[in-house]
Every structure is written in C-alpha cells, then in structure tokens.
Amino acid sequence: MILGRERLDAAPVACAGLLIIGDPHVSSRRPGRRKDPDWPAPVLAKLEHCVALANDRDLAPVLLGDLFERPVEPDESLKSRLIRILKGFRHRPLANVGNHDIRHTRLSDGDSLAMLAVSDVLDVVPESGPAAHYRADGRLLGLGATPFGQAIPTNASGLFPGADHAVWLTHHDLAFGAGYPGAVPPEAIRGCALAVNGHVHKRHAPLRVGDTLWFNPGNITRASVDLIAHVPAVFVLAGDLALSEERLPFAPDVFDLTGRQVAADPAPETEGRVESAFVSLLRAETTTDLARSDDGALIREEIEAKFLRDETPEPVRAAIRSLVEAAVARRGG
C-alpha cells in the first residue's frame with residue numbers, strides 16, 4: 001500500500017535513473033551547534049538543488065526517510081515552502097518512513113509526512129513491501145521499502161515479476177563496519193540486488209552480504225557535530241545499479257565548537273530516583289552554554305557523554321532521555 005498514488009499497478013515510471021536522497025530532517029528548529037543565521041535555509045537549498053539535478057537529468061527522486069525532524073512540524077510557512085519545492089520535481093517523489101516522521105509505531109494522519117502524501121505532493125510507503133516500478137536505461141527496476149521499526153524482508157523473490165533488478169529501501173539501525181550499541185549487521189535479501197539504508201547519519205562504504213549489496217549514503221543535513229567531516233551528497237542510481245555521487249552545495253564551517261571538550265565530573269553518581277539523576281546531569285555540565293540549543297542537542301551531547309563515562313544502565317538512560325525529550329517539547333512548543 002502506498003499513501004498517495006498507487007504505484008505498482010501503474011505503468012513503470014520512465015526515467016534515466018533514481019536520485020537517492022538521504023534523510024533531510026527538515027525543521028524550523030535549528031540544530032544545537034549549527035550557527036547558520038537563517039535556518040532552515042540550508043536544508044531547503046539542498047532540496048532545491050536536488051530538484052534542479054533530478055529535472056535536468058530526468059531522475060526520479062527517492063527519499064530514504066526522516067523528511068521531517070519532528071513528526072509534527074508546527075511551522076505552517078515552512079511546510080508551504082517545502083510543498084512548493086517538492087512539487088518542482090518532474091517525477092513525483094517517493095519517500096520511505098523514518099523514525100523522526102512518526103509519533104507512534106506507524107505513520108498516522110496526524111503526522112506531517114502523511115499530510116504531504118494525502119495532499120498529492122509525494123508518495124509515502126507506510127508499510128513494508130513492494131512500492132513502485134521504474135524503467136531506466138531499458139531496464140525494469142522493482143522498488144520496495146521497509147519503514148523504521150518494521151521487519152526487513154529476507155526474501156524479495158517473486159515480488160517484482162519481470163523486473164531486471166529489485167532494489168529495497170530501509171531505515172534501520174544497521175551496522176556498517178564498526179557498529180554501535182543496538183545496531184545489527186545487514187542481512188542478505190534473496191532476490192534483491194541492492195538495498196539502500198537511511199537513518200545512519202554518516203556515509204559508509206557499500207557492504208556485500210550474499211547477493212545483496214548494502215549501501216548507506218548518509219544524511220544530506222549535517223545536524224550534529226559528529227558529522228563535521230561528512231560531505232552531504234545524493235546518489236544517482238542507474239538502470240544497471242551503478243551508483244554515482246553528486247555532492248550538494250554546503251558550507252564547511254557551520255558548527256559552533258565552543259566547549260566541545262568537557263571535563264569529566266569527578267563526583268561519584270548518587271543512587272536515587274531518575275529525576276534526581278537528571279537534575280544532577282543538568283547541574284554537572286555547565287561548561288557550555290546549553291541554552292543556545294533550540295532542539296536540546298547540546299544537553300543531549302553532555303548527557304550521552306556522561307552515560308558513557310559512568311556506564312549508566314540502559315533503563316536509566318531511557319528514562320532520562322524521555323525526560324529530556326519532554327523538557328525540549330515543552331520549551332519548543
């Protein structure tokens with residue numbers, strides 16, 4: 001099922017290839033250490049560049065998820081600007097669903113991404129499965145997608161009868177090379193030649209697992225300081241599954257690094273309620289101006305660093321993260 005137009009039953013989209021766009025994270029709220037004077041202009045400019053590139057080269061745009069930073073974007077003006085940009089694509093965009101796009105476990109009518117789909121701006125894949133056909137360079141590509149939180153299929157054989165290749169989009173915590181806690185290694189998908197993952201912010205080299213080549217292109221928006229060396233780019237997928245990089249315009253010096261190195265708190269952690277631990281964290285990390293962060297990114301940095309230093313148990317981490325999210329939501333509206 002596609003939210004928007006039905007794609008599988010329609011004639012294949014005739015194009016020169018696909019334009020794969022990593023998570024944009026469009027938001028009216030400036031990310032914590034970004035120092036851009038006009039936000040979200042850099043994100044919208046990148047999407048406008050994508051429109052020009054896609055139309056000039058006859059490419060069909062595909063979004064890997066997290067079009068929005070928040071499930072409900074409150075800025076109506078920003079949504080109007082985004083709609084105008086998306087309508088500029090010659091070929092209708094198709095979007096996977098990321099974790100930032102949804103308030104619950106599935107996309108719902110109350111989410112901003114769903115509003116764009118029912119407004120006929122783009123197509124969205126709310127449930128894992130086949131999504132569309134594209135005819136590029138004389139080859140028929142079958143495209144499937146799995147939203148965040150849903151099971152990635154292990155077998156795509158027979159899902160795209162007559163297709164030369166099957167391509168699958170995912171938005172998951174996948175470990176490419178050196179992983180991180182909670183990440184799982186990609187697995188082969190039978191009958192799928194290429195799988196492209198969103199969600200993981202940094203680009204990683206393609207990884208072959210069985211007959212499936214996995215690729216993680218990374219975000220087009222550098223929202224956190226750990227992406228300071230990341231080069232925002234989109235990727236053109238040809239009919240023969242060849243991938244080519246197209247770098248996006250970006251300014252290299254966009255992060256405020258003031259107080260990035262923070263001394264560890266030598267005081268031992270006291271036992272007690274999670275609320276007390278949260279207050280302790282807020283008091284301990286005073287070397288940076290946390291109030292500068294519109295989205296709470298700076299305090300999140302410090303809290304995550306303290307978690308690592310103190311080897312904080314995961315249940316306590318989850319509870320404190322929840323308190324941070326609630327505090328940021330109350331402040332940002």
Side-chain angles (χ1 to χ4, degrees), residues 20-25 31-32 62-69 71 95-102 104-107 125 128 144-156 167-190 192-233 235 243 295-297 300-322 324-325:
I20 298 176
I21 304 171
D23 313 11
H25 286 276
V62 172
L63 295 153
L64 297 180
D66 286 350
L67 173 58
F68 287 102
E69 168 63 19
N96 197 8
V97 177
N99 55 307
H100 284 258
D101 294 317
I102 52 178
H104 308 295
T105 58
R106 294 290 195 274
L107 188 70
V125 187
S128 181
T146 299
F148 176 81
Q150 300 182 30
I152 301 172
T154 58
N155 190 350
V167 178
W168 210 269
L169 309 181
T170 61
H171 193 98
H172 286 64
D173 288 315
L174 298 181
F176 290 82
Y180 55 91
V184 297
E187 297 184 358
I189 303 174
R190 185 186 304 174
C192 176
L194 176 68
V196 187
N197 187 55
H199 188 59
V200 179
H201 294 177
K202 294 181 180 179
R203 185 181 315 154
H204 291 275
L207 174 67
R208 183 165 294 282
V209 185
D211 294 332
T212 306
L213 183 68
W214 279 90
F215 179 50
N216 191 97
N219 292 10
I220 66 168
T221 303
R222 294 175 300 155
S224 56
V225 72
D226 62 311
L227 297 176
I228 193 169
H230 175 67
V231 177
F235 285 81
L243 283 163
D295 62 351
R300 287 190 185 96
E301 277 185 23
E302 305 302 342
I303 288 175
E304 293 297 329
K306 190 168 179 62
F307 285 162
L308 292 176
R309 294 197 299 269
D310 298 346
E311 298 182 353
T312 306
E314 187 56 39
V316 177
R317 297 188 189 199
I320 292 175
R321 287 172 184 143
S322 178
V324 173
E325 292 300 328

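Note that the coordinates shown come from a computational prediction; the quantities given were computed from them, not determined experimentally. Sequential numbering from 1 along the given sequence is applied to the chain's residues.
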Just by modelled atom types, is the Ala145 backbone N or O under 3.5 Å from a matching donor or acceptor in the Asn96 side chain? no
Considering residues at least two apart in sequence or located in another chain, which fulfil the ring pair (Phe, Tyr, Trp, His ring centres under 6.0 Å) criterion with His230? none
Please identify each residue that fulfils salt bridge (Lys or Arg N to Asp or Glu O under 4.0 Å) with Arg190, with sequence neighbours left out. none
Minimal heavy-atom distance between Leu63 and Pro24, with the atoms involved, is CD2-CG, 4.1 Å
If I compare all heavy atoms of Ala195 with all of Ile189, which pair ends up nearest, and what's the gap? CB-CD1, 4.4 Å
Is the Phe148 ring parallel, tilted or perpendicular to the His171 ring (thresholds 30°, 60°)? perpendicular
Looking only at heavy atoms, what is the nearest atom pair of Leu174 and Pro186, with distance? CB-CG, 4.3 Å
As an exercise, state the distance from CD1 of Ile220 to CD1 of Ile20, rounded to the nearest 0.5 Å. 13.0 Å
Between His199 and Asp173, do the side chains contain a donor N or O and an acceptor N or O under 3.5 Å apart? yes
Mind checking the CG-OG1 spacing from Asn99 to Thr105? Nearest 0.5 Å is all I need. 13.0 Å
Could you go step by step and tell me if Phe215 and Leu213 meet the side-chain contact (heavy atoms from CB on, under 4.5 Å) rule? CA-CA 7 Å; Phe215 179 50; Leu213 183 68; 5.7 Å; no
Show the nearest heavy-atom pair for residues Ile228 and Arg222, with the distance to one decimal. O-NH1, 3.5 Å
Going by side chain to side chain donor-acceptor pair (under 3.5 Å), name the residues that satisfy it together with Asn197, two or more places apart in sequence or in a different chain. Thr170, Asn216
What pair of heavy atoms forms the shortest contact from Ala233 to Arg203, and how long is it? CB-NH2, 3.3 Å
Show every side-chain hydrogen bond (donor to acceptor under 3.5 Å, both in side chains) that has at least one partner inside residues 144-156, sequence neighbours left out. Ser128-Thr146, Thr146-Trp168, Asn155-Ser157
After noting the C-alpha distance and the side-chain angles of Ile102 and Leu107, does the key distance pass the side-chain contact (heavy atoms from CB on, under 4.5 Å) rule? CA-CA 5 Å; Ile102 52 178; Leu107 188 70; 3.8 Å; yes
So which atom in Pro31 and which in Ala223 form the shortest heavy-atom distance, rounded to 0.1 Å? CB-O, 3.2 Å
Quick one: which of Leu64, Leu243, Asp23, Ile21 gives a side-chain contact (heavy atoms from CB on, under 4.5 Å) with Pro217? Leu64
Report the residues that fulfil side chain to side chain contact (heavy atoms under 4.5 Å, CB included) with Ser224, sequence neighbours left out, ordered by chain and then residue number. Asp226, Leu227
Measure the spacing between CZ of Arg106 and CG of Asp101 and express it to the nearest 0.5 Å. 14.0 Å
Non-neighbouring partners of Pro185 that pass side chain to side chain contact (heavy atoms under 4.5 Å, CB included), sequence neighbours left out: none
